[in-house]
Amino acid sequence: MLRPIREKQIELEMVSIDQLVPEDHLLRKIDATIDFSFIYDKVRPFYSEDNGRPPVDPVMLFKMMLVGYLYGIRSERQLEKEIQTNVAYRWFLGLGLTDTVPHHSTISFNRHKRFKNTTVFQDVFDEVVLLAVEHRMVGGRVLFTDSTHLKANANKRKFVKETVQVETQDYLNELDQAIEEDRKAYGKKPLPKKDKEVEVKEIKVSTTDKDSGYMFREGKPEGFFYLDHRTTDFKYNIITDVHVTPGNVHDSRPYLARLDRQRERFGFKLEAVGLDAGYLTMPICHGLEQRKIMGVIAHRRFTPKKGLFPKWKFTYDLNTDTYTCPNGESLTYSTTNREGYRQYQSNAETCKSCPLLSQCTTSKNHKKVITRHVWESSKEKVRENRLSPEGKAIYKKRKETIERSFADSKQLHGLRYCRLRSLKGANEQALMTAVAQNIKKIANHLTRR
């Protein structure tokens, strides 16, 4: 006999909310292993001590945001609705079955007003990293860094074109000094001082989100994006740094500064780093050598001019400071230019009768010129690292760490698109997503242990 069960929905039962949450639920693990009381110290300067109405508990508000990022809930409005009907969420926040859920606008107010132009989200992220360090889940010896694009909350067809000044690279003063010392070592006169021209370029600026950058790269989507520059640790893949830039900023630009920040903030005794080919630049190779860090960077393929010998066919001899061409002739030092490249030239009279001339150069004076950067030795050191057994092991681990971290953040935690506009909004979303990933990893590890 069929019986409807509608009547049971209006029956009264004596039940504890704790009984309704499964023992192996992720939020139970987080509640048992993570102490969120540090949030009070981080937000206390932004609350009045003796004036106004009592605020909503800031730890509860932070936990509400954490739930949203843990389960990929895209908006505060939707988050409020989910908490109203989800018993586990209520239990985690300390709410009873009939308690009122804080209004979604309270979270928005904190973000737009109370925490505006503060470092609260960065401070919370740092505290979680320090917690992982305390539990020996971060080694701080080998780090992996990469960037991924986040689609900005902006239409790629709504923009204006603006002419902006190109930012000066941080390493230029150091490079200028290296060029001057190099020329002096070769007996060359210092280059005459030249007023640096202000370099400008025309860019597309979104009328919706002005902080985003228009990205156009081969093999990448086109439009307005942000870049999430992320670093993870070798040991348990804990995220140790998050930094967001507009999508038109090169991956390598903020790298060394963010690396130094981690060493200072967390006291890492860094020994090696694993990076993809986008970071294979002279300043980064030189910077890693200065810091005595083993750089393992993927090889970047350069396509030589069709029909001509590639540069690797010319062998450099450190002892004689010369290049040897495929025909066995020497190319000797000529000068060091303003860009920091030494020029090595062949003997035109010898090259004129060379049987390999057509494969070597197309210059009318039959002279072959090879360039070598003043920091080239640092780049060669990185190449040796990549080919060493240790380097191969480190780079192999890269796809299991940083690539996996990005995949999880996009697939499970909603980081594929920017929910918030402006650079600060994108940075908040990236930081909180990383906090959610780290907390989940810490809780699961401590529970298993």
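In what follows, every heavy atom counts, from backbone to side chain, and hydrogens, waters and symmetry copies are set aside.
- Using a 4.0 Å cut-off between charged side-chain N and carboxylate O, K81 and E76 make no salt bridge.
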- Message: E376 vs K379, test: side-chain contact (heavy atoms from CB on, under 4.5 Å). Steps then yes/no.
- Response: CA-CA 5 Å; E376 189 79 31; K379 190 174 181 180; 4.2 Å; yes
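- Of the charged side-chain nitrogens involved, at least one lies within less than 4.0 Å of a carboxylate oxygen, so that R398 and D146 count as a salt-bridged pair.
- Between the side chains of Y226 and D209, at least one donor N or O lies within less than 3.5 Å of an accepting N or O.
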- Task: Give the intermediate values and the outcome of side-chain contact (heavy atoms from CB on, under 4.5 Å) for residues R183 and L191.
- Result: CA-CA 8 Å; R183 289 181 64 86; L191 292 170; 3.6 Å; yes
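- Judged by distance alone, the side chain of N237 and the main-chain N or O of T401 form a donor-acceptor pair under 3.5 Å.
- Across every non-hydrogen atom of A152 and S212, the tightest pair is CB-CB, 3.7 Å.
- Inspection of the Q122 and D126 side chains reveals an N or O donor paired with an N or O acceptor under 3.5 Å.
- For D228 and T148, the side-chain atoms include no donor-acceptor pair closer than 3.5 Å.
- Ring geometry for F225 against H149 counts as perpendicular: the plane angle is over 60°, on a 0 to 90° scale with 30° as the lower cut.
- Salt bridge status for E127 with K42: present, with a side-chain N to carboxylate O gap under 4.0 Å.
- None of R258, R265, Q262 except one satisfies the side chain to side chain donor-acceptor pair (under 3.5 Å) rule with T240; the exception is Q262.
- Taking 4.0 Å as the cut-off between side-chain N and carboxylate O, D24 and R28 do not count as a salt-bridged pair.
- Contact check on R230 versus D241 returns no salt bridge, with no Lys/Arg side-chain nitrogen under 4.0 Å from an Asp/Glu carboxylate oxygen.
- With no hydrogens or angles considered, a side-chain donor-acceptor pair links Y344 and D321 at under 3.5 Å.
- Side chain to side chain, K440 and H445 fail the donor-acceptor criterion of an N or O pair below 3.5 Å.
- No side-chain N or O of E339 forms a donor-acceptor pair with one of H373 less than 3.5 Å apart.
- Side-chain contact, E82 with Y71: no donor N or O sits under 3.5 Å from an acceptor N or O.
- Inspection of the D260 and Y255 side chains reveals no N or O donor paired with an N or O acceptor under 3.5 Å.
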- Message: For a ring pair (Phe, Tyr, Trp, His ring centres under 6.0 Å) check, start with the C-alpha distance between Y69 and H413, then their side-chain angles and the critical distance, and finish with the verdict.
- Response: CA-CA 6 Å; Y69 285 103; H413 303 285; 8.9 Å; no
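- When L275, D276, I239, T232 are each tested for a side-chain contact (heavy atoms from CB on, under 4.5 Å) with I402, only one passes: T232.
- Ion pairing between a basic and an acidic side chain is recognised when a charged N comes within 4.0 Å of a carboxylate O; E289 and K381 show no such pairing.
- For the pair K397 and F234, the distance from NZ or CZ to the six-membered ring centre is under 6.0 Å and the angle to the ring normal is within 45 degrees.
- Stacking of K204 on the aromatic ring of F159 is recorded, both the 6.0 Å distance cut-off and the 45° axial limit being met.
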- Message: Could you walk me through whether F62 and V120 satisfy the side-chain contact (heavy atoms from CB on, under 4.5 Å) test, starting with their C-alpha distance in whole Å, then the side-chain angles of each, then the deciding distance to 0.1 Å, before giving a yes or no?
- Response: CA-CA 11 Å; F62 175 82; V120 166; over 6 Å; no
